[in-house]
Amino acid sequence: MRIYDIIRKKRDKEVLTKEEIDFFVDRYSKGQIPDYQASALLMAIYLNKMNKQETAYLTEAMMNSGEVMDLSAINGVKVDKHSTGGVGDKTTIALAPLMAACGVPVAKMSGRGLGHTGGTLDKLEAIPGFSIEMSSKKFIDSVNDIKIAVCGQTASIAVADKKMYALRDVTATVDNISLIAASIMCKKLASGADAIVLDVKTGDGAFMKTLDDSFALAKEMVEIGTAMNRETIAIISDMDEPLGSAVGNSLEVIEAIEALKGRGPKDFMTLCETLGAYMLVSSKIASDYEDGVRRIKEALESGAALKKFKEFVSNQGGNPEVADDYSLLPEANHIVEIKSDKTGFIDKIEAEAVGVSAMVLGAGRETKEDKLDLSAGIILKKKVGDFVNEGDTLAVMHFNRENKFEDAKRRFKNAYIISEEKAEPKKLIYGVVT
Ligand code: URA
């Protein structure tokens, strides 16, 4: 078999066989296929697409390119949640302890942020002392003992995906449904969960900007998961404006803790409740969605979810007192209000531009090597549908990098579209794919 022939086949819109896909993934992850040929094949796939069977083969080959975790030593049905990423998405930080408090074993591997999107690991590292490094023994013991552990994805998981993602990132081949579905699902499947709940984001700040593409991606991932015998469900949720109010690592940790105290922003609370209820059903703890919602409310109101958060933080070396004293988290030297230049209703807040503005302040990375400022970020004071008078505060920026402030402020202000007419209320959840 020759990689040249595989590239030619895809270039000519032919369907690749399992053997051809396995050959490509295996040889590329071992360094036996050069980047220029892999790039050519990825671009051919990008332009001419893969069918469902090819995508399933690609997912399986990528999953088998590294270690496939065995979590059978953990008692109970392990349910993993995955978000396709967005701006202000701090869901795992609240939802993981909330689920653990409801009895779901949460054995989670998370990632770092890149570009305008944040990553759970960076956010957790804002907590003083918190470590995302742990041996597989400690990971499994922690989930058995306290029902929760969150660590970084080990280098040995889905080795092909790391190489392919890095290549896609620089060859304009990221936003293809088959390539995204295979990249996400190979890691989820290799991480060993019994059931998977996917939060597919849609809108300006998401990979998938349109509802049709978001549903197509959700459907593709659910089909892959189901074919691999994992109960898989996807919800489609809004990422046209940032989720909640906080964007930036330390600020998002505070918002997640507020949610565990029952005081988070409405959209964020609703998302946690929706995803959580489906996770409880998938884990067989809740009899149905409504029972799941009832259990979530109970865990929040009783304080069990907040208590679990403290236990989780402490178990991973962090200072649990952050939950009661936010000043223990990194704080920025400069806190500046951003005022509105106009009077009217907020029609749109372009999530991606807000994410980029926060990144410029230091909350995100433009390249993998960039160093984060965990205290930097933005608190939105107005969301879509709110009324503002000229001079009202739209948001508050937290930063240390003074030389970046004007650029971040300009980008941020351009993200707010203010109109005379009040916009139709937006949906948070657009649908569920099972
Ligand atoms: N997240 C992933 O893990 N892979 C993609 O291709 C896109 C988003």
Side-chain angles (χ1 to χ4, degrees), residues 66-83 89-113 118-158 184 187-199 230 249 252-253 256-257 259-260 272 275-276 278-280 282-285 295-296 299 304-323 329:
E67 188 186 353
V68 176
M69 300 278 292
D70 176 7
L71 299 184
S72 56
I74 297 174
N75 311 315
V77 181
K78 280 82 62 189
V79 187
D80 201 356
K81 188 269 314 174
H82 180 83
S83 155
D89 188 358
K90 68 285 294 176
T91 309
T92 296
I93 298 168
L95 194 55
L98 177 56
M99 289 297 97
C102 292
V104 181
V106 179
K108 181 134 190 64
M109 290 189 188
S110 287
R112 298 203 176 273
T120 300
L121 296 184
D122 300 320
K123 292 170 202 184
L124 285 171
E125 282 177 348
I127 300 170
F130 194 99
S131 170
I132 51 104
E133 311 280 342
M134 58 170 85
S135 66
S136 26
K137 180 171 181 335
K138 165 131 196 220
F139 185 69
I140 288 174
D141 288 351
S142 299
V143 185
N144 275 331
D145 293 346
I146 65 163
K147 291 258 179 276
I148 178 168
V150 179
C151 69
Q153 190 184 296
T154 65
S156 57
I157 291 260
I184 292 176
K187 289 175 288 205
K188 292 291 109 185
L189 294 165
S191 303
D194 304 310
I196 302 162
V197 174
L198 299 162
D199 178 12
R230 308 298 206 287
N249 300 286
E252 290 189 45
V253 169
I257 298 171
L260 291 169
C272 288
L275 288 167
Y278 284 116
M279 288 175 79
L280 286 172
S282 294
S283 71
K284 316 282 181 242
I285 286 174
R295 286 170 189 268
I296 286 168
L306 185 65
K307 188 160 168 262
K308 185 57 75 179
F309 173 82
K310 292 182 185 173
E311 206 179 352
F312 157 55
V313 167
S314 175
N315 185 53
Q316 296 200 211
N319 182 353
E321 286 168 27
V322 291
L329 290 160

With sequence neighbours left out, the residues meeting side chain to side chain contact (heavy atoms under 4.5 Å, CB included) with T154 are E67, S156, I157
By salt bridge (Lys or Arg N to Asp or Glu O under 4.0 Å), D194 pairs with (sequence neighbours left out) K78
Sorted by chain and number, sequence neighbours left out, side chain to side chain donor-acceptor pair (under 3.5 Å) with N249 holds for none
Quick note, side chain to side chain donor-acceptor pair (under 3.5 Å) partners involving residues 307-320, not counting sequence neighbours, are S142-N315, K308-E311, K310-D324
Is the shortest side-chain heavy-atom distance between L189 and V68 below 4.5 Å? no
Contacts of D141 meeting salt bridge (Lys or Arg N to Asp or Glu O under 4.0 Å) (sequence neighbours excluded), chain-then-number -> K137
Original post:
Given side chains that start at C-beta, do those of S83 and T91 come closer than 4.5 Å, heavy atoms only?
Top reply: no
Taken in chain and number order and not counting sequence neighbours, the residues that satisfy side chain to side chain donor-acceptor pair (under 3.5 Å) with S135 are none
Rounded to the nearest 0.5 Å, the CD1 atom of I196 sits from the CD1 atom of I184 at a distance of 11.0 Å
Sorted by chain and residue number, the side chain to side chain contact (heavy atoms under 4.5 Å, CB included) partners of A94 (sequence neighbours excluded) come out as A256, A259, L260, F268, C272
Minimal heavy-atom distance between A126 and V253, with the atoms involved, is CB-CG2, 4.4 Å
Correct closest heavy-atom pair for V150 and F139 would be N-CE1, 4.5 Å
Taken in chain and number order and not counting sequence neighbours, the residues that satisfy side chain to side chain donor-acceptor pair (under 3.5 Å) with R230 are none
Separation between NZ (K123) and CD (E252), nearest 0.5 Å, reads 3.5 Å
Looking only at heavy atoms, the pair that brings G276 and I296 closest together is C-CD1, 3.4 Å
Smallest heavy-atom separation, I132 atom then R112 atom, equals CD1-NH2, 3.7 Å
For L124 and F130 the tightest heavy-atom approach is O-CB, 3.4 Å
Here the gap from I148 atom CD1 to F309 atom CZ, rounded to the nearest 0.5 Å, amounts to 9.0 Å
CG (D199) and CG (L95) are apart, to the nearest 0.5 Å, by 9.5 Å
Residues at least two apart in sequence or cross-chain that pass salt bridge (Lys or Arg N to Asp or Glu O under 4.0 Å) with K138, listed by chain then number, are none
Residue set satisfying side chain to side chain contact (heavy atoms under 4.5 Å, CB included) with N144, at least two apart, ordered chain then number -> I74, N75, I140
If you look only at distance, which donor and acceptor atoms sit under 3.5 Å apart when one is on a side chain in residues 96-111 and the other is two or more places apart or in another chain?
from: K108; atom 1: NZ; to: D80; atom 2: OD1; distance (Å): 3.1
from: K108; atom 1: NZ; to: K81; atom 2: O; distance (Å): 2.7

Applying side chain to side chain donor-acceptor pair (under 3.5 Å) to S283 and not counting sequence neighbours gives none
